[in-house]
There are 2 protein chains.
Amino acid sequence: MTTLKLDQFLPYRLSIVSNRVSSAVASTYQALFGLKIPEWRLVAIIAEGEGATQQALGVATRMDKVTVSRAAAALVERGLIERRPNANDQRSHMLTLTEAGRTLYENVAPKALELESQVFAGFTAAEIKAFRAMLDRIETSAAPFDADRA
Amino acid sequence: MTTLKLDQFLPYRLSIVSNRVSSAVASTYQALFGLKIPEWRLVAIIAEGEGATQQALGVATRMDKVTVSRAAAALVERGLIERRPNANDQRSHMLTLTEAGRTLYENVAPKALELESQVFAGFTAAEIKAFRAMLDRIETSAAPFDADRA
DNA sequence: CCGAGATGGTTTCAGATGAAACGATATAGC
DNA sequence: GCTATATCGTTTCATCTGAAACCATCTCGG
């Protein structure tokens, strides 16, 4: 008879730990900046580049286009991003940070890194590197089993 | 100016990878056994022991009592678990696997382990051990920042 | 005992998520 | 050009999750 200890089952452990970290991150962003995680992700990606369409943001953040649409609408509403017409394609817009958006980003980014380093305190650089690498490998090897993305 | 690469931000990576693995696990269980993840977790924990109350299941699975309540109701409905009166406390019940439940468990457990080993294929035993240990440490160090559990 | 909390569990409600249908524009084949 | 199809984005709907309110029972101080 096969026995399985749930506590030792890695998909379970991964889910529990990830949920706890996400919850920590979510409550921090919400409390400090009134941002939800999808909104924060869009801001981060837009800040990395020179503006992006929602479709590009969906790819970059691996979020559903519905989630991107709603997060973008909220950010426009708050005056943190702007929709500029896209000369190449009138169905989409180029989303860019407003001044307020950039200022917010400059405030959020250090807090995010600080929180990350608190959660990963006690890890050596080598451990973190190894952890990152393992996450990448897992993501790849799980993809074929994920019916939604197959 | 602080710059942050979302792709390098560990809470983000953790969330993406965990969601992908969960989605893979969820579609597998759903397709093979018609089980949702919370239901499967209850079956696994009950099978590990000699029956448990919902409150104990909530602790063991780290799931909300509402989620436990619904999963338990679904399992009873399907005849996979049974509620036996709890002599010590009439508010709660002892949940145990029925014969059908145990049979199901005996089928699910090997599939779960198989899926796990596919997702973690290419990892050495030492790497897996290290990964597990890191998850444990992260869970602990994230807890204080998680407003919901503080 | 008895009344005031505490606790196990269910129900109700609100928020987050994604699948499917949709409108508008773009692109390709004729 | 013109129609068929694909794509961008929004809206709608169904599902999942957890917070809060609730009911029943249990426990504890008097």
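The model shown is predicted, which means the values in this text are computed figures rather than measured ones.
The CZ atom of B/Arg13 lies 10.0 Å from the CD1 atom of A/Ile138; values are rounded to the nearest 0.5 Å.
Atom NZ of B/Lys65 and atom P of D/dA19 are 11 Å apart (whole Å). Spacing between atom CD of A/Gln90 and atom P of C/dT27 amounts to 11 Å, rounded to whole angstrom units. Counting to the nearest Å, the C1' atom of D/dC16 and the CD atom of B/Gln30 are 13 Å from each other. Computed from coordinates, the B/Arg62 CZ to D/dG18 P distance equals 14 Å when rounded to whole Å.
Between A/Asp64 and B/Val68, the residue whose closest nucleotide on DNA chain C is further toward the 5' end is B/Val68. Taking the nucleotide of DNA chain C with the nearest heavy atom to each of A/Val66 and A/Ala87, the more 5' of the two is matched to A/Val66.
Between A/Ser69 and D/dT10, a side-chain N or O to OP1/OP2 separation shorter than 4.0 Å is present. In terms of phosphate contacts, B/Arg83 brings a side-chain nitrogen or oxygen within less than 4.0 Å of OP1 or OP2 of C/dT10. The phosphate of D/dG18 has OP1 or OP2 within less than 4.0 Å of a side-chain N or O from B/Thr67. For the OP1/OP2 pair of D/dT12 and a distance below 4.0 Å, the side-chain nitrogens and oxygens of A/Arg70 include no atom meeting the criterion. Checking the phosphate oxygens (OP1, OP2) of C/dA16, a side-chain nitrogen or oxygen of A/Lys36 falls inside 4.0 Å.
Using bins of under 30°, 30° to 60° and over 60° for the plane-to-plane angle, the ring pair B/Trp40/A/Phe9 lands in the perpendicular bin.
Checked against a 6.0 Å centroid threshold, the rings of B/Phe131 and A/Phe131 count as neighbours.
By the 6.0 Å and 45° rule, A/Arg41 does not stack over the aromatic ring of B/Tyr12.
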